[in-house]
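All values reported here derive from a predicted model rather than from experimental measurement. Throughout, protein chains are lettered first and strands after them, A, B, ... in sequence-line order, and every chain is numbered starting at 1.
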Number of protein chains: 2
Amino acid sequence: MLELRHLRTLQAIDDAGSLVEASERLHVTQSALSHQLKDLEHRLGLELIVRRTRPVRFTTAGSRLLALARQILPLVKKTETELKRLSAGDSGRLHIAIECHSCFQWLMPALDRFREDWPEVELDLSAAFGFEPLTALTRGDLDMVVTSDPVDDPAVCYLPLFRYELVLAVARDSEWAARRFIEPGALAEQTLITYPVERERLDVFTAFLDPAGVAPGSVRTAELTPMMVQLVAAGRGVAALPNWALTEYLDLGLVKSVRLGEEGVWRTLYAAVRQGDQTVPFIQDFMETAEALCFKNLSGIRRVNLSA
Amino acid sequence: MLELRHLRTLQAIDDAGSLVEASERLHVTQSALSHQLKDLEHRLGLELIVRRTRPVRFTTAGSRLLALARQILPLVKKTETELKRLSAGDSGRLHIAIECHSCFQWLMPALDRFREDWPEVELDLSAAFGFEPLTALTRGDLDMVVTSDPVDDPAVCYLPLFRYELVLAVARDSEWAARRFIEPGALAEQTLITYPVERERLDVFTAFLDPAGVAPGSVRTAELTPMMVQLVAAGRGVAALPNWALTEYLDLGLVKSVRLGEEGVWRTLYAAVRQGDQTVPFIQDFMETAEALCFKNLSGIRRVNLSA
DNA sequence: GCTCCAACATGAGAGATCCTCATATTAAAG
DNA sequence: CTTTAATATGAGGATCTCTCATGTTGGAGC
């Protein structure tokens with residue numbers, strides 16, 4: 001009758017504050033949760049949550065179930081992890097390469113957390129510059145590549161992490177700072193600061209400037225996000241960066257961010273693994289850990305749409 | 001992925017010692033458990049129990065899951081009971097009548113246990129002699145009748161408790177004591193000791209003697225099981241009683257039991273409730289409690305076949 | 001008060017799941 | 001080496017649980 005599914009749902013609703021948000025976290029539709037909850041309430045003959053408030057409020061019965069969920073779900077999760085370790089052996093290798101410098105920000109905490117659960121898995125992290133990471137992945141030199149450019153290849157499986165917006169960092173006193181968005185043409189007179197990688201890997205070109213046939217006034221490179229922010233703040237140019245990578249600098253008031261085009265440029269960040277590896281227990285666990293930490297720590301990111 | 005269903009299955013297998021017995025306790029087929037277990041083992045990539053031993057042995061992984069089951073299932077159960085109490089109100093009435101004297105034996109502990117969970121339910125227990133209990137049930141004077149004679153009535157719902165064998169208690173030194181079974185004809189010369197109720201309510205007549213057209217030499221009555229056993233032990237006659245009601249006297253060596261006919265006379269004990277009442281939370285809970293206690297304390301009883 | 005928007009509800013139908021039935025296989029006991 | 005009790009397996013059907021499409025509702029803003 002009562003099943004873990006129901007407890008997971010209630011916990012997610014509590015964490016999220018609404019059915020819509022909870023359904024995204026659980027990777028099901030809002031309709032599914034609505035049906036499931038209604039069915040449970042019907043069978044219990046009790047109302048569990050009051051929907052017309054925001055965030056939703058739990059009734060006495062709902063709270064009781066929620067308490068049960070909070071009590072037993074961690075135990076279940078712990079046992080599941082233990083069993084996964086037992087099944088595939090607790091050892092293995094996870095060599096990760098990132099194409100996106102900023103990813104260090106969330107990857108480091110994720111790796112720390114992961115190491116606790118899988119102490120025997122050999123971890124390694126490298127930046128994928130100066131070589132073709134997907135080749136290294138299929139060849140077996142790497143086990144995971146974090147990228148926002150999925151390439152159609154039957155040997156590679158792309159596991160989505162989150163969607164983010166590519167925004168333009170501009171100086172605080174720049175005349176663009178107050179604009180809601182800017183058009184590609186505006187960059188023709190500007191200095192664009194980018195990471196030192198090939199143009200084809202830079203979304204600001206592939207998704208914004210190139211389609212409009214615009215080239216920036218000049219381009220200069222910087223290795224690390226803080227360096228780019230310093231240059232932008234000093235009025236030496238503008239830089240296209242993921243919105244979540246800019247949050248801390250925006251909060252500090254160093255720079256401002258402006259949308260690229262009316263709709264904005266949205267990208268999805270993926271973890272690419274070898275086809276088949278998506279079922280390896282510790283890979284699945286890593287993805288769960290990473291996703292949870294990202295949505296906890298990064299602001300402005302969105303969940304990947306199911307149908308995508 | 002992992003669900004409470006799996007934990008309940010593992011717990012039942014541990015309690016029962018085999019898939020067959022566990023499947024009966026869970027009211028599903030053996031096939032269902034086999035499939036379920038195999039599927040779980042497959043998805044975990046781990047063997048959970050070793051089947052070729054009796055009782056089955058749990059592997060490390062199986063034990064881990066079993067420990068989880070023993071830890072969280074009681075918590076779940078407790079919460080479910082609480083919610084049931086919340087839903088239908090925690091009060092109500094359960095007036096029970098028994099047609100079978102011996103039933104006091106298991107009914108008393110069941111009522112004690114039940115009272116702990118449902119303190120607000122008004123309990124009453126009476127013997128259904130000298131009046132028609134089913135009429136009292138449909139009229140609302142009673143809420144449950146414990147009987148082994150289901151009568152086809154759309155207003156009444158029969159909830160099976162267990163199957164038992166009606167056996168003949170004979171004196172220890174009687175010449176029948178060593179027989180595997182006796183034929184109806186043998187009773188023609190004997191004194192039969194029965195409860196003081198109408199012939200039609202006595203299974204020994206309806207299911208054994210009457211079909212063979214035999215009447216016992218003489219009939220005398222006794223009110224209580226211990227009295228009947230005393231008379232039988234003293235060589236004053238024989239008595240047909242449920243096998244489970246005789247267990248303690250057999251163990252004491254007071255009397256012996258003999259099967260009635262080659263196949264034995266098997267009966268099912270039911271709890272009759274008003275149609276619709278079978279969904280009342282505290283009635284369901286009472287049935288679960290009673291069933292669990294019966295199979296724990298009574299020996300020689302069987303589970304009711306699903307297809308019956 | 002009216003419109004709009006976001007959140008939740010609902011009905012129908014597809015797909016997955018889980019169970020049962022019938023039967024095969026296996027292991028242990030006689 | 002049979003016999004029997006337990007477990008395994010394959011097929012098929014009932015049920016469940018999603019998704020899709022659309023309806024309804026409550027509250028913020030004009």
Side chains of [X] and [Y]: closer than 4.5 Å at any heavy-atom pair?
X: B:N243; Y: B:L250; value: no
X: A:F295; Y: A:I301; value: yes
X: A:C157; Y: A:V273; value: yes
X: B:L168; Y: B:W176; value: yes
X: A:R64; Y: A:T59; value: no

Q.
Go nucleotide by nucleotide along DNA chain D from the 5' end; which of A:H6 and A:S31 gets its closest nucleotide reached first?
A.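 Nearest-nucleotide comparison on DNA chain D picks A:H6.
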Figure out the [atom1]/[atom2] separation between [X] and [N], and round it to whole Å.
X: A:L37; N: C:dA7; atom1: CG; atom2: P; value: 17 Å
X: A:L4; N: C:dT17; atom1: CG; atom2: P; value: 17 Å
X: A:R51; N: C:dC8; atom1: CZ; atom2: P; value: 9 Å
X: A:K38; N: D:dT17; atom1: NZ; atom2: P; value: 16 Å
X: A:L19; N: C:dT10; atom1: CG; atom2: C1'; value: 14 Å
X: B:E24; N: C:dT20; atom1: CD; atom2: P; value: 13 Å
X: B:R52; N: D:dT7; atom1: CZ; atom2: C1'; value: 13 Å
X: A:D39; N: D:dC18; atom1: CG; atom2: P; value: 10 Å

Q. Would you say a side-chain N or O of A:Q36 is under 4.0 Å from OP1 or OP2 of D:dC18?
A.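 A:Q36 to D:dC18 OP1/OP2: side-chain N or O found under 4.0 Å.
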Q. Under 4.0 Å between a side-chain N or O of A:R5 and OP1 or OP2 of D:dT17?
A. yes
**Q.** Closest-nucleotide 5' rank along DNA chain C - winner of A:H35 and A:V56
**A.** A:V56
(Q) Mind checking if A:V20 touches a base, just sugar-phosphate, or nothing, with heavy atoms under 4.0 Å? (A) sugar-phosphate
Q.
Just to be sure I understand the rule, does B:S34 reach a base, reach only the sugar-phosphate, or reach nothing, if contact means heavy atoms closer than 4.0 Å?
A. base
Q. Between the base of D:dA8 and the side chain of B:Q30, is there any donor-acceptor pair under 3.5 Å?
A. yes
Q | Side chain of A:A32 (C-beta onward), nearest among D:dC18, C:dC21, D:dA8 | A |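 Of D:dC18, C:dC21, D:dA8, D:dC18 is nearest to the side chain of A:A32.
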Q: Compare the minimum distances between each of C:dT20, D:dA6, D:dT9 and the side chain of B:T29, then state the nucleotide with the smallest one.
A: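 The closest nucleotide is C:dT20.
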